[in-house]
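Counting starts at 1 for both ligands and their atoms, following the listed order.
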Amino acid sequence: MVAARVLGKAEVIVVADPFEAASLAADMIVGDLQAAVRDRGRADWATAGGWTPIGVYKVLREPDRVRQTPWAATHTWFGDERFVPSGHPESNANQFYDLMQTRFPWWTFDPGYRVRIPFDKVHPVLTGHAIGERRPVADCAVWMADELRLAGLPTVDGWPVFDLVFLGMGLDGHVLSVFPGSPAFGATDWAVAVPAPTHGKPRFERVTLNPAVLGVARRLVVVVQGAEKAEIVGRTFGSPFDPLQLPGQLAIRTGATWIIDAPAAAYLR
Ligand code: 6PG
């Protein structure tokens, strides 16, 4: 660890490299899930997409972390998803299954190092179903919100309360699939279908949790790594509060921990 301090009420921990970031994030995720199960008997977390989670999943699937994590009582949701078929390489759920989930049904032990997570506790966005049925991406957002309501998550101000939302941040400062100027701002649904980003990749229509969810989540863990993100990290923390243009600022709040590697923290004052 290079430095830790509170910036704008968020805890910011600067670490040396992506490996330390992944290890620290995994420990925080495990701790947050443990606390939720201890206090409420279950945990509901929303995980991220893109590259950032890969290193974290590889730590979470290590035997000691597997033993520490209450997967049998943990519901995994996805903060956002690309509108692609289920097995698509750009699917966030596919990435989670590939790295974390045993290939065998139910409680069988995969001799590899995948985690034994009951299939009914992973809630992918039903993009594959929609595409197969030639249904629009908007239907996926409705189905996701319905599934969240059925799961009975507590609400604050009408928004579902996740015990933890794990986030990366894009080069343009987006979190979830809430891009600058996103129509998701002001939406009233718990999940929102948004158009493909006109910049950045991948350019698929998306389903995203409503950004308002970030304001009521019990915990946020944000991991940002790489020198290419230094500018946006500096701008996110150094600019006046304007989440419409800098959505990452929604995660600068009490209860949020930012884990930033040194190259990405280069412009942090
Ligand atoms: C997505 C993610 C998105 C991601 C950022 C960072 O589906 O694209 O949820 O919000 O976290 O774009 O992406 P990287 O981790 O690939 O840099």
Side-chain angles (χ1 to χ4, degrees), residues 15 17-19 21-22 24-26 29 45-60 76-86 88-100 123-128 137 140-141 144 162 164-182 184-185 191-211 213-214 217 220-233 235-236 243 245-252 256-261 263-265:
V15 295
D17 56 46
F19 301 103
L24 182 56
I29 290 166
W45 75 305
T47 187
W51 281 98
T52 298
I54 294 173
V56 177
Y57 291 161
K58 288 181 178 175
V59 177
L60 284 174
T76 298
W77 305 84
F78 294 85
D80 62 324
E81 185 58 279
R82 295 80 178 269
F83 192 53
V84 295
S86 308
H88 193 281
E90 293 289 3
S91 158
N92 293 334
N94 185 59
Q95 177 167 268
F96 179 84
Y97 283 120
D98 258 0
L99 288 169
M100 292 291 287
H123 305 272
V125 182
L126 300 178
T127 54
V137 59
C140 294
M144 181 179 185
F162 286 88
L164 166 66
V165 179
F166 169 36
L167 298 167
M169 184 167 75
L171 289 169
D172 59 358
H174 79 264
V175 291
L176 303 170
S177 280
V178 180
F179 299 91
S182 175
F185 287 106
V192 188
V194 296
T198 52
H199 54 286
K201 298 199 183 329
R203 293 191 183 165
F204 296 105
E205 289 175 297
R206 311 287 189 93
V207 177
T208 183
L209 284 175
N210 191 300
V213 162
L214 300 183
L220 302 179
V221 171
V222 191
V223 175
V224 189
Q225 54 205 21
E228 72 278 7
K229 300 214 174 151
E231 190 276 332
I232 192 58
V233 167
R235 206 147 47 87
T236 299
Q245 296 313 318
L246 292 166
Q249 290 183 333
L250 292 172
I252 302 178
T257 300
W258 287 66
I259 300 170
I260 306 171
D261 73 2

Would you check the N or O atoms of [X], main chain and side chain alike, for any that come under 3.5 Å of an N or O of ligand 1?
| X | result |
| --- | --- |
| A48 | no |
| L167 | no |
| W51 | yes |

Part of [X] with heavy atoms under 4.0 Å of ligand 1, whether side chain, backbone, both or neither:
| X | result |
| --- | --- |
| L176 | backbone |
| E81 | neither |
| T52 | both |

Using distance alone, with no hydrogens and no angle criterion, decide if Y97 and S91 have a side-chain donor and acceptor under 3.5 Å apart.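 No - no donor-acceptor pair under 3.5 Å links their side chains.
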Are D80 and T208 close enough that a side-chain donor and a side-chain acceptor fall under 3.5 Å?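 No - no donor-acceptor pair under 3.5 Å links their side chains.
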Report yes or no: does Q225 have a heavy atom closer than 4.0 Å to ligand 1?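 Heavy atoms of Q225 never come under 4.0 Å of ligand 1.
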Using side-chain hydrogen bond (donor to acceptor under 3.5 Å, both in side chains) as the criterion, list what pairs up with N210, not counting sequence neighbours.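 Expected list: none.
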Please verify the inter-ring angle class for H174 with F179; under 30° counts as parallel, over 60° as perpendicular, anything in between as tilted.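 Answer is tilted, since the angle falls between 30° and 60°.
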Under 4.0 Å from a heavy atom of [X]: give me the atoms of ligand 1 that qualify, with their elements.
| X | value |
| --- | --- |
| G168 | 11 (O) |
| R206 | 1 (C), 7 (O), 8 (O) |
| M169 | 5 (C), 6 (C) |
| G50 | 15 (O), 16 (O) |
| K229 | 6 (C), 14 (P), 17 (O) |
| N92 | 7 (O) |

Trace of the side chain to side chain contact (heavy atoms under 4.5 Å, CB included) decision for W45 with V165: CA-CA 6 Å; W45 75 305; V165 179; over 6 Å; no
Give the residue and atom name of whichever protein heavy atom lies nearest to atom 7 (O) of ligand 1, and the separation in Å to one decimal.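 Minimum-distance protein heavy atom for atom 7 (O) of ligand 1 reads D80 OD2, 2.7 Å.
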Closest protein heavy atom (residue, atom, distance) for atom 8 (O) of ligand 1: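 Residue, atom and distance for the closest contact: R82 NH2, 2.9 Å.
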Might you work through the side chain to side chain donor-acceptor pair (under 3.5 Å) test for D172 and H199, ending with a clear yes or no? CA-CA 9 Å; D172 59 358; H199 54 286; 2.5 Å; yes
